[in-house]
Amino acid sequence: MASSLHYLFLCSFLIISSSTAQTSFRPKALLLNVTKDPSTLQYVTRINQRTPLVPVSLTLDLGGQFLWANCQTGYVSSTYLPARCRSAQCSLAKATACTTECLGPPKPGCNNNTCALMPDNSVTRVATIGDLGSDRVAIQSTDGRNPGRVAVVPNLLFVCGSALDGLAAGVMGMAGLGRTRISLPSQFSSAFSFPRIFAICLSSSSNSPGVIFFGNGPYRFLLNTEASSNLIYTPLIKNPVSTASAYTQGDASSEYFIGVKSIKINQEVVPINKTLLTINREGFGGTKISTVNPYTVLHTSIYKAILKAFAKALSGVPRVASVSPFGLCFNSTSLGSTRVGPAVPQIDLVLQNKDVFWRIFGANSMVQVSVDVLCLGFVDGGVDVRTSIVIGGHQIEDNLLQFDLARSRLGFSSSLLFQQTTCANFNFTLSA
Ligand SMILES: *[C@@H]1O[C@H](CO)[C@@H](O)[C@H](O)[C@H]1NC(C)=O
Ligand SMILES: *[C@@H]1O[C@H](CO)[C@@H](O)[C@H](O)[C@H]1NC(C)=O
Ligand SMILES: *[C@@H]1O[C@H](CO)[C@@H](O)[C@H](O)[C@H]1NC(C)=O
Ligand SMILES: *[C@@H]1O[C@H](CO)[C@@H](O)[C@H](O)[C@H]1NC(C)=O
Ligand SMILES: *[C@@H]1O[C@H](CO)[C@@H](O)[C@H](O)[C@H]1NC(C)=O
């Protein structure tokens, strides 16, 4: 019985995909725009989902497992399909739970015999349980220079979640780009058979959006800068233990970790406990990149060492009282400025060898908290942090980060300000 149900379902799934394939086309790359919410500092994107299509605002979660959205209020769609327990979709999603019976009338998020996952609000770290389902998603294609025709994914998997507290106003869920088979990059790549590559370029301004590209470059910014032309590559590292708020034992983390080996300030090595830089068997330690932390969060001992070294390197500049959540602030009238922000010591995250480093300049290290006060934009995470270094939003703005899932590597551009462009300089005018 179970297997014939399974078979029937697969058949209808195939018919749906082949009939809609005629109305869509096969783009080489897709894009989303992403705007920084000024009050929460979250990066918010919007997808068009359902039939009829409605815009759904979502907080970007770079390491998030999948797209989750609220299904409880006003979800109306003729193309929603629940994922039946033990179906191909449930196994792709690694769903182990099954809602055998949902009390109440059937609707998205409440269906009998549907597999369930744990959508995670990674801002507040509250996870709920929600049904896996699929629906139609329309997204703009791109040639890397402008947005182009809209492409349709007839059956994009997502999870119904309800933990919206703490997300930016108007947001209905989170857009997970993490290392799973059902994250947005994985699903877009398999829907259109383009490489499992995506890139993010976050704008530092709330007034003009940055961009996420799904697929390979070009990634072109005004005036005619190819942001992927000078990338430096480092391996992505797998954390064997999930870092989600709730998870099943044995799950690996869906977040993107890189191997920081040491930190230098103005070329001098900062003394830090190396043990904290490696991921241990319980999944503690290491360095990850996050879009839900507005600033880099450090283990207390690393935080203290960096502040000390940075203050020493800038000892000629008058310090002012620190402004929470930061611990090291300066009178900016005494600091010069450069093309890449305030003239402060460079911070290098040294990676797989001494010649490969991620150099952080003033625009990404310093935060302007008032007219004449600039603070080092790193915060103290405490001594019990799960991950020792969480590279946050401010530190990756106006940098292009390309994630190559097939090759398990990160390509990073360092500050695009050097190339006289920014992440806000993508030309969002529709191509003719
Ligand atoms: C951003 O994307 C949304 C959804 O596709 C669209 O409605 C909006 O016009 C876009 N904004 C820009 C600046 O392109
Ligand atoms: C689930 O199945 C029960 C028993 O067949 C039925 O009464 C109920 O309406 C169904 N619920 C949903 C949400 O489909
Ligand atoms: C370095 O960190 C590890 C992990 O937290 C800890 O067990 C060890 O005691 C630390 N070593 C020193 C010298 O502080
Ligand atoms: C910064 O320095 C200027 C010039 O010396 C001074 O007028 C201003 O009050 C200082 N600001 C702070 C916050 O100390
Ligand atoms: C932006 O793209 C449009 C459409 O291709 C083009 O007409 C326009 O010249 C571009 N803008 C700039 C500043 O290059």
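Atoms within each ligand, like the ligands themselves, are counted from 1 in listed order. Remember, predicted model here, so these are calculated numbers, not experimental data.
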Pick from Leu430, Asn427, Asn224: the one approaching atom 6 (C) of ligand 5 most closely through a non-hydrogen atom: Asn427

Residue and atom name of the nearest protein heavy atom (relative to atom 9 (O) of ligand 3), distance in Å to one decimal: Asn273 ND2, 4.7 Å

NZ or CZ of Arg26 within 45° of Phe192 ring axis and under 6.0 Å: no

For atom 8 (C) of ligand 4, the protein heavy atom that lies nearest, with its residue and separation: Asp372 OD2, 3.6 Å

Heavy-atom nearest neighbour in the protein, as seen from atom 10 (C) of ligand 4, with distance rounded to 0.1 Å: Asn331 ND2, 2.4 Å

Flag: protein heavy atom within less than 4.0 Å of atom 2 (O) of ligand 4: yes

Presence of salt bridge, Asp135 and Arg50, under 4.0 angstrom: no

Residue pair Gln65 / Thr180, side-chain donor-acceptor N/O under 3.5 Å: no

Under 4.0 Å to a heavy atom of Thr333 - the qualifying atoms of ligand 4, by number: 1 (C), 2 (O), 3 (C), 4 (C)

Shortest protein heavy-atom distance from atom 5 (O) of ligand 3, along with the residue and atom involved: Leu276 CD2, 3.5 Å

Selection from Asp143, Asn146, Leu222 by shortest heavy-atom distance to atom 14 (O) of ligand 5: Leu222

Under-2.5 Å SG separation for cysteines Cys115, Cys98: no

Lys NZ or Arg CZ of Arg149 over Phe25 ring: under 6.0 Å, within 45°: yes

Verdict with supporting geometry, Val241 and Phe284, side-chain contact (heavy atoms from CB on, under 4.5 Å): CA-CA 8 Å; Val241 184; Phe284 280 75; over 6 Å; no

